[in-house]
Amino acid sequence: MTDQKNASTTLDGAVDSSTSSNFIRSKIAHDLKEEKHCGRVHTRFPPEPNGYLHIGHAKSICLNFGVAAENSGLCNLRFDDTNPEKESQEYVDAIKESISWLGFQWNGDVRYSSNYFEQLYAFALQLIESGKAYVCDLGANEMREYRGSLTEPGRNSPHRDRSIEENRDLFERMRAGEFADGACSLRAKIDMASPNVNMRDPVLYRIRHIEHHQTGSQWCIYPTYDYTHCISDAIEGITHSLCTLEFEGHRPLYDWILNSLDIASIAAASDLASTDNDYVLPQQTEFAKLKLNYTIVGKRKLKEMVETNVVEGWDDPRMPTLAGLRRRGFTATAIRNFCESVGVARNDSIVDLGMLEHAIRDDLDKNSPRAMCVLNPVTVVLTNLPDEHLEILSMANHPKVDEMGRRSVPLTKRIVIDASDFQEVPVQGFKRLIAGGEVRLRGAYVIKCIDVIKDEAGKLIELHCRVDLDTLGKKPEGRKVKGVIHWVSEAKGITLSVRLYDRLFNVENPESKDIKDFRECLNEDSLVEITSCIAEPSIAEEGASSSYQFEREGYYCLDEKDSSENKLIFNRTITLRDSW
RNA sequence: UGGGGUGUCGCCAAGUGGUAAGGCACAAGGUUUUGAUCCUUGCAUGCGUUGGUUCGAAUCCAGCCACCCCAGCCA
């Protein structure tokens, strides 16, 4: 397991404690008051290990772990691994890693639905014995025909009335491997005419002669989600089974399965068997998924983006995965605050990316040390300084937090400033350096541009400026200088690369049905790399932070994966707000 | 067209019959050696719509409209 200590990358690690009411919190409070589950609150986060976790999962994680913690309850981590075809150990590991990073600790050992395969099988036998399940030989296509449509009832399978003995025998032989994939399945005997198509004799078990990442070749029949999920919840003593809205129509099935089983046998198979709690069945409650504009959170599409190299991997900093956001420089605190601010409701909604951006700026502003880095360097010669001038200036690491200490910044005769901070003929409202004008060098002196040096083609070579030596730490006399720009010593600065990230898609809703292929709306400029940036030397010193606010530019973090000792690469997490 | 859901400010979202919280965004001021942060102010006579009940309705009732989910041996 990963270290939970470093879960939060912030200094204080505080998550906003201001929580607002939502219908799930209210329901739990109500259930507690009624002593519905003997005062217990036990939730679970149940991902299928078929991909990496993304920002949408973060909402569910925060909800499940959050409501448990708020009520002195527990939250399990359970991998819903009933479809080995799409799953892998790599995903299991990545998911655990992301949850820990977010700062949550699951109750006890990691669970797997596959832990319960033997119990699930026994319960299936129980259903067969009570005449509530049967083995059906219909193929997938035939089954679809028999199911009817949204407006027409289905028809009973010709195998629906097999005897209990025959069903038991067939099911045992399914397990024993006597049948090929798809040859038959175990189905619940409910109602082929139900207006809820989920209740038209759903499949409980299917045959798959395939290796499972947890159980190897032990099984060749695998239980379906609908059959597995409710029973797994019941076994783990889950009180509140929280899931997203699309499972709403499955709730009657969730309840049907649990109510069709002998409750004493469920209680006996459950984690609560050895306690003196009265056994109460879990209840499913649905909430709306988190969607973000300009973002795709569909696992299938994210996977496709990885596989077709639209991005460089699941942890590409442009990805909405937790691994990607982390590499981009998002903190766990920011993500948790964001999830809290978004709330939990039943409305289909698309949250504005601005909310996520606010959450990360808010956290980083409070906790990131400041440094100066010039992205597009232009040389400035401070003409009235001696050639060998070397002055060490002390600057605060944070403008408001003294405890973050100070750093040393060298000033030399030749420095660099950003190309965008100089305009020979300024546009209206420009308050940086202009020919003949003055500007403050952040943390240092006021300088005045006295000469603009160009080559024959008119291309800017360098700027000659005079330093007003009487302006260190004080305002110049008799005039006001409104502009402040950042700078770095040309000789003492260190060269590094910076990756500027932007949204991956240039349309608000890349998951909209009007868009056939997400490739149509890819933002070509989602990654721009600049390789000749110059930063103050403190960022490469022993014990330096891995994330900074590069003043006047934005928040950046070291890319640990691609940086090497002689080549630092910083990822831009987010720009500063820019109201100019 | 069957069933299940949802409609409160540009985006989230509280609100559960007593006269529309909050956040984001936006706008205007102020502070500032980051055009950042911070502070202050503004931002729904209105709660999909039409009727009804009531002294009083976003909240209750009826109709209508819009959108979402369900016809995998996926989850």
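Below, chain A is the first sequence line, B the second, and so on; all start at residue 1.
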Checklist line | From B:A36, B:G5, B:A75, nucleotide with atom closest to A:Glu248 side chain | finding: B:G5
Notebook entry, point to check: Side chain of A:Asn83: nearest nucleotide among B:C11, B:A13, B:C74?
Noted result: B:C74
Note to self: Just the rounded figure in Å: distance from P of B:U37 to NZ of A:Lys366.
What the structure shows: 12 Å
Checklist line | Nearest-angstrom distance from the residue atom CG of A:Asn397 to C1' of B:A36 | finding: 17 Å
Next item on the list: Please determine, for the side chain of A:Arg208, which listed nucleotide (B:U34, B:C11, B:C74) has the closest atom?
Entry: B:C74
Notebook entry, point to check: Whom does B:C47 pair with, Watson-Crick or G-U wobble, provided both distances fall under 3.5 Å?
Noted result: none
Item checked: Separation of the P atoms in B:G3 and B:C11, to the nearest angstrom -> 31 Å
Margin query: Between B:G35 and A:Trp580, is there a base-stacking contact, meaning the centre of the base's six-membered ring lies under 5.5 Å from the residue's ring centre while the planes stay under 30° apart?
Written below: yes
Check: When the distance from CG of A:Leu138 to P of B:C73 is rounded to whole Å, what number comes out?
Finding: 11 Å
Check: Taking atom P in both B:G30 and B:A36, what distance in whole Å separates the two?
Finding: 13 Å
Note to self: Return the pairing partner of B:G56 with a 3.5 Å limit on both distances, Watson-Crick or G-U wobble; otherwise return none.
What the structure shows: none
Checklist line | Nearest listed nucleotide, side chain of A:Arg206, among B:U34, B:A75, B:C12 | finding: B:A75
Item checked: From B:G3, B:G23, B:U34, nucleotide with atom closest to A:Pro195 side chain -> B:G3
Notebook entry, point to check: Side chain of A:Asn347: nearest nucleotide among B:U6, B:G35, B:A14?
Noted result: B:U6
Item checked: Inter-nucleotide C1' distance (B:U31, B:C39), Å rounded -> 8 Å
Note to self: Using O4'-C1'-N9-C4 for purines and O4'-C1'-N1-C2 for pyrimidines, with syn meaning within 90° of 0, is B:G72 syn or anti?
What the structure shows: syn
Next item on the list: Can you tell me the distance, in whole Å, between the CH2 atom of A:Trp487 and the P atom of B:U34?
Entry: 15 Å
Item checked: Candidates B:U33, B:U1, B:G5 - which lies nearest the side chain of A:Thr151 -> B:U1
Notebook entry, point to check: B:C68 and B:U50: how far apart are their C1' atoms, nearest whole angstrom?
Noted result: 24 Å
Check: For B:U34, what is the paired nucleotide under Watson-Crick or G-U wobble rules, both distances under 3.5 Å?
Finding: none
Check: Mind checking the C1' distance from B:A44 to B:C9? Whole angstroms is fine.
Finding: 5 Å
Check: Do A:Arg370 and B:U34 share a donor-acceptor pair, side chain to base, under 3.5 Å?
Finding: yes
Check: Quantified in whole Å, what is the C1' atom distance between nucleotide B:U8 and nucleotide B:C12?
Finding: 12 Å
Note to self: Can you tell me how the ring of A:His250 sits relative to the ring of A:Tyr225, calling it parallel under 30°, perpendicular over 60° and tilted otherwise?
What the structure shows: perpendicular
Notebook entry, point to check: With rounding to whole Å, what would you report as the distance between B:U19 and B:A57 at their P atoms?
Noted result: 12 Å
Margin query: Output the rounded distance in Å from CD (A:Glu357) to P (B:C26).
Written below: 10 Å
Notebook entry, point to check: C1' atom, B:A20 versus B:G46: distance in rounded Å?
Noted result: 8 Å
